[in-house]
Protein chains: 2
Amino acid sequence: MAEEFTKEIPRARRRPNCRPALYELLSLGERELRRAFLKANSRAVEGGTSLVAPDCPSPALYRLSRGWAIRTRFFPDGRRAILGVYVMGDIVGIEHALLDHSADEVVTACAATVQPIESNALSALMTRPATAVYLAWLLSEAQRRSDSIAAALSRLEARERIAMMLLDFQQRLRQRELIIPGSYNLPLTQQQIGDYLGLTVVHVNRMLRWFRSERIAYVDKHLVIIKDLERLKLLAAGTDRRAGDSPAAATKAPPASGAPLAELAAFTRHKPNRPK
Amino acid sequence: MAEEFTKEIPRARRRPNCRPALYELLSLGERELRRAFLKANSRAVEGGTSLVAPDCPSPALYRLSRGWAIRTRFFPDGRRAILGVYVMGDIVGIEHALLDHSADEVVTACAATVQPIESNALSALMTRPATAVYLAWLLSEAQRRSDSIAAALSRLEARERIAMMLLDFQQRLRQRELIIPGSYNLPLTQQQIGDYLGLTVVHVNRMLRWFRSERIAYVDKHLVIIKDLERLKLLAAGTDRRAGDSPAAATKAPPASGAPLAELAAFTRHKPNRPK
DNA sequence: CGATTCCTTGAAGGTTGTCAACGTTGGTGG
DNA sequence: CCACCAACGTTGACAACCTTCAAGGAATCG
């Protein structure tokens, strides 16, 4: 499965929460960028191919038309963190649309096909208003993903992070409409999963075995099979730490959007910094 | 100190690593946005004021001309993560320039002054090419910060994260030229620091006491005094876990930019996924 | 089939979280 | 002015989560 992926996806229909005033401009920008990618000649590469290197002058922008890629950051003592995982259809290197070099390395995680837009063409594209806005939109999408991962790294424990990851990939692949429900191919090693979620290989392995023994999800040989989607969602949301032990569900989030307060003039004030 | 902050900072001179072709456009966009902020009337608010609320329709864009703010995400069971800390001069809500609502809450961490651009004006601004590009640039700056924090949450231990945070704030404040070297005001509670770095209050407290006992930095009563900048930098970089114990400094990062490989045609391949 | 990479498992220890209590501070009101 | 209160800071004991260390098994490839 997962063959060369060429047909155009009508992606415009799902652009959730976009400011209405910008919708037209964004669609135009998307078309402009897509056209640029079509002009680029596809290139098949093996797994482990470096697309962006740190300290590389003027990296290009890529569209991953097939395969997976990861963005890695290295610490001087050898520790490493994977800051992003790209699936087929994603655009790699958006953060370099304005910066002319990267702090991280992007490599393909398996055999892949990329459509590159080289540096000069990219600079030219950025001067087009619609493309610029569309790239800003892609950037804010990327930011949203980063935020979710940061929150998970910050406050979720290992099994919750893994649940979140499995669910996230499943949803992203389903958006691209290339998934049979409840099962997909995950070409990451356990070491890479660990680097992505801030865990060691050993512990990732143990947690994956736990997921299997609990009959929540099977992850084996780069194949993910989700058995209990509900349980997975509970874990990923951070609602399952001790089978929902909060007796009074005590003062959970903020007043839970009780009042739509922020009418620019209506600054609200809540004395205690934390809802406790 | 830290009084109302009105004088224009010549910020253009430091725009590191920007694509040359976009420099002009960016400067223009910066001026346009600054003009928009000048037209907005400043507003002084207390600490704990909510600037952006989750599920709030059409949040505004703010410039924090004085004070600090934090962006918080809540988990259903009460855990919380601080996904961003804004200091005076920062722009809050960039991620909503294109999205019309937020997943997080932004509140001021102390008395502050904000200059709001309300939603409609913002939508209009985004249709201006230069402003759009400038906002994209701000977004990629924010992404860089998020990446650093994510990497730290993923792979650095508590004291290293705290070192990174103390250093980061110091550098950001110094960029704004409102700091006497080695000392600044940090209006966050230890709980908030914990939420930012993925730690508990208790452990933040222990680590701060460790920093003091090691004479690296004093953090007390919202005042930070850096005593040993070098040590702090070592810790923050992740080079100090056991006083530099790596005997052969074995295969640290990737080949360390040995070859500038990425000439678009020169895809490199390194078999092992990890340099070990 | 050696060699390499990846996966798996166990034991031991360290970093961090949890629980619980007390000290400190700043504001409020009698 | 002092008592009180709430939020914040501090400390200790203990437990849990996760890492480290170590070693063996499974799969892939030339």
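The chains referred to below are lettered A, B, ... by the order of the sequence lines, with proteins before strands, and numbering in each begins at 1.
Taking the six-membered ring for Trp and thresholds of 30 and 60 degrees, A:Y184 and A:W68 have nearly parallel ring planes, at less than 30 degrees apart.
We find that CG of B:L199 is positioned 11 Å from P of C:dT18, with the value rounded to whole Å. Atom pair B:W210:CH2 and D:dG9:P shows a separation of 21 Å (rounding to whole Å applied). Atoms CG (A:L223) and P (D:dA27) sit 15 Å apart, rounded to a whole Å. If you take CE of B:M207 and P of D:dG9, they are 16 Å apart, rounded to a whole angstrom. The distance from atom CD of B:Q191 to atom C1' of D:dA7 is 11 Å, rounded to the nearest whole Å. The NZ-C1' distance, from A:K221 to D:dA26, rounds to 7 Å in whole Å. In this structure, CG of A:L197 is placed 15 Å from C1' of D:dC17, rounded to the nearest angstrom. In this entry the distance linking CG of B:L235 with C1' of C:dT15 reads 15 Å, nearest Å.
Applying the salt bridge (charged side-chain N to carboxylate O under 4.0 Å, His left out) rule to B:D168 yields the partners B:R172; only residues at least two apart in sequence or on another chain are considered. For B:R73, the salt bridge (charged side-chain N to carboxylate O under 4.0 Å, His left out) partners are B:D104, not counting sequence neighbours.
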Between the protein and nucleotides 10-13 of chain D, which nitrogen or oxygen pairs come in under 3.5 angstrom?
residue, atom, partner, partner atom, Å
D:dT10, OP2, B:Q190, NE2, 2.8
D:dT10, OP2, B:N205, ND2, 2.9
D:dT10, O5', B:N205, ND2, 3.3
D:dT11, OP2, B:R209, NE, 2.6

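Atom CG of B:L208 and atom NE2 of B:H203 lie 10.5 Å apart (nearest 0.5 Å).
Checking side-chain atoms of A:T108 against main-chain N and O of A:E46 turns up a donor-acceptor pair under 3.5 Å. Counting only distance, with no hydrogens or angles, the side chain of B:R231 and the backbone of B:I216 share no donor-acceptor pair below 3.5 Å.
Where A:H222 and A:S154 meet DNA chain C, the nucleotide closest to each residue was compared, and A:H222 sits on the side nearer the 5' end.
Counting any heavy atom pair closer than 4.0 Å across all strands shown, A:G198 reaches sugar-phosphate atoms only and no base atom.
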